[in-house]
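What follows is one structure encoded as structure tokens, with my remarks underneath.
Reminder, nothing fancy here: chain letters follow the sequence lines and each chain counts from 1.
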2 protein chains.
Amino acid sequence: MFSKSCEYAIKVMAFIAFRQAKSKELIGLDPISEAIDSPKAFTAKILQQLTKAELLKSVRGRTGGFYLDQNREIVIADIVRAIDGSKILDGCLLGFGECQDENPCVLHHQIKKERSSLKNRLNSTDIYTIAKRVSRKKAYFKE
Amino acid sequence: MFSKSCEYAIKVMAFIAFRQAKSKELIGLDPISEAIDSPKAFTAKILQQLTKAELLKSVRGRTGGFYLDQNREIVIADIVRAIDGSKILDGCLLGFGECQDENPCVLHHQIKKERSSLKNRLNSTDIYTIAKRVSRKKAYFKE
DNA sequence: GGATTTAAGGATATTTATATCTTTTATATA
DNA sequence: TATATAAAAGATATAAATATCCTTAAATCC
Ligand code: FES
Ligand code: FES
């Protein structure tokens, strides 16, 4: 469903939210990719994308690293849109440009409701909620 | 969500079901790829896969073509499994091998219900139901 | 100021998905 | 039996996603 990049991105954001709940220190690439079990160089690129999309802040140099702007609420859908684009949430499942009720594809009517509730869920789940579940050992970053 | 191959496959199956409701004649590659607006050579490969997976029957030679075994009910999930594999329906969204309640990923709890109802829907929608919608001009194969 | 650390940026490599082309095999019909 | 037709099978080609590597820029520490 999501691209590999997007999978990593969701884990990255959830992990940083989780870590910042405990300590305000910046977090570097190494501990991040270690924690979510992702290839380091590739994860660096994703961190870059997230920073460019302003979902994440970064500081260069010796004591540098990544952190979240605590004031801002970030939901899963924000991350998905930043990495995979909006097509995955709003586009037609069978490749028609946009998913809409006029000129619907053969799957449209069948999965419309289910898709919409999935989308709503991604739009309403923020990363701090997820971070709390991790703290309570109800969710994990790697197998 | 689905691969391009899978998108075409769903359309192929729905189209053949639709055509067979009107006439029992075999249908060839050309009218199929024309109807669903897909690249011909690539569509041939998908038809091959569907035939190997026994979702579709084929006849070679002069009056050859493709047809469906009318006795058998085929649901969208069958097609998805044949082309994209079961990972897309049963695997973890964030790349854990399997989606299950022990050792859940950070998205698991959030989207479990929504995903499950989507899966149920794909498991219960058969291609003849879709074909009927097409007949009533409530769904289309191409934009 | 020079050395060290860390993210950003750019270039490249590898793998997978998408797509096409050519040859072979099966079937019907003239 | 020869010919035409259509799917199967195999070989390539192209594009996109995934992944790594190397250099540059910013910040800290000595
Ligand atoms: S038009 Fe295809 S999913 Fe809505
Ligand atoms: S374990 Fe990841 S979606 Fe269920």
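Here the side chain of D84(B) pairs a donor or acceptor atom with the backbone of S3(B) at under 3.5 angstrom. For S23(B) (side chain) and Q20(B) (main-chain N/O), no donor-acceptor pair under 3.5 Å exists by modelled atom type.
Each of D84(A) and I27(B) was matched to the nucleotide of DNA chain D holding its nearest heavy atom; the match closer to the 5' end belongs to I27(B).
Of the residues in residues 12-22 of chain A, not one places a heavy atom less than 4.0 Å from an atom of DNA chain C. Residues from residues 47-57 of chain B that place a heavy atom under 4.0 Å from any atom of DNA chain D, listed by number: Q48(B), T51(B), K52(B).
Between I130(A) and I76(A) there is a side-chain heavy-atom pair separated by less than 4.5 Å. No side-chain heavy atom of L26(B) sits less than 4.5 Å from a side-chain heavy atom of T63(B). The shortest side-chain heavy-atom distance between R133(A) and H109(B) falls under the 4.5 Å cut-off. In this structure the side chain of R81(B) reaches within 4.5 angstrom of the side chain of N123(B), judged on heavy atoms. You'll find the side chain of Y128(B) reaches within 4.5 Å of the side chain of L68(B), heavy atoms only. Looking only at side-chain heavy atoms (C-beta outward), Q49(A) and K52(A) stay at 4.5 Å or farther from each other. Side-chain contact between L55(A) and R72(A) is present, with at least one heavy-atom pair separated by less than 4.5 Å.
Other residues, nucleotides and ligands contribute over 12 non-hydrogen atoms within 6.0 Å of the CD atom of E143(B).
One can place CD1 of I46(A) at 9 Å from P of dT18(D), the figure rounded to the nearest angstrom. Computed from coordinates, the K4(A) NZ to dA16(D) C1' distance equals 16 Å when rounded to whole Å.
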Its contact letters, B for base, S for sugar-phosphate only and - for none at protein heavy atoms under 4.0 Å, make nucleotides 20-30 of chain D read B----BBBBS-

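Reading DNA chain C from its 5' end, the first and the last nucleotide to sit under 4.0 Å from a heavy atom of chain B are dT18(C) to dT29(C).
Listed by chain and residue number, F141(B) satisfy the ring-ring contact (aromatic ring centres under 6.0 Å, His included) test with F15(B) (two or more places apart in sequence, or in another chain).
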Checklist line | side-chain hydrogen bond (donor to acceptor under 3.5 Å, both in side chains) between D126(B) and T129(B), worked out | finding: CA-CA 6 Å; D126(B) 76 289; T129(B) 308; 2.6 Å; yes

Scan the side chains in residues 30-41 of chain A for donor-acceptor partners under 3.5 Å anywhere in the protein, sequence neighbours excluded, and list what turns up.
residue, atom, partner, partner atom, Å
D30(A), OD1, K40(A), NZ, 3.2
S38(A), OG, T43(A), OG1, 2.6

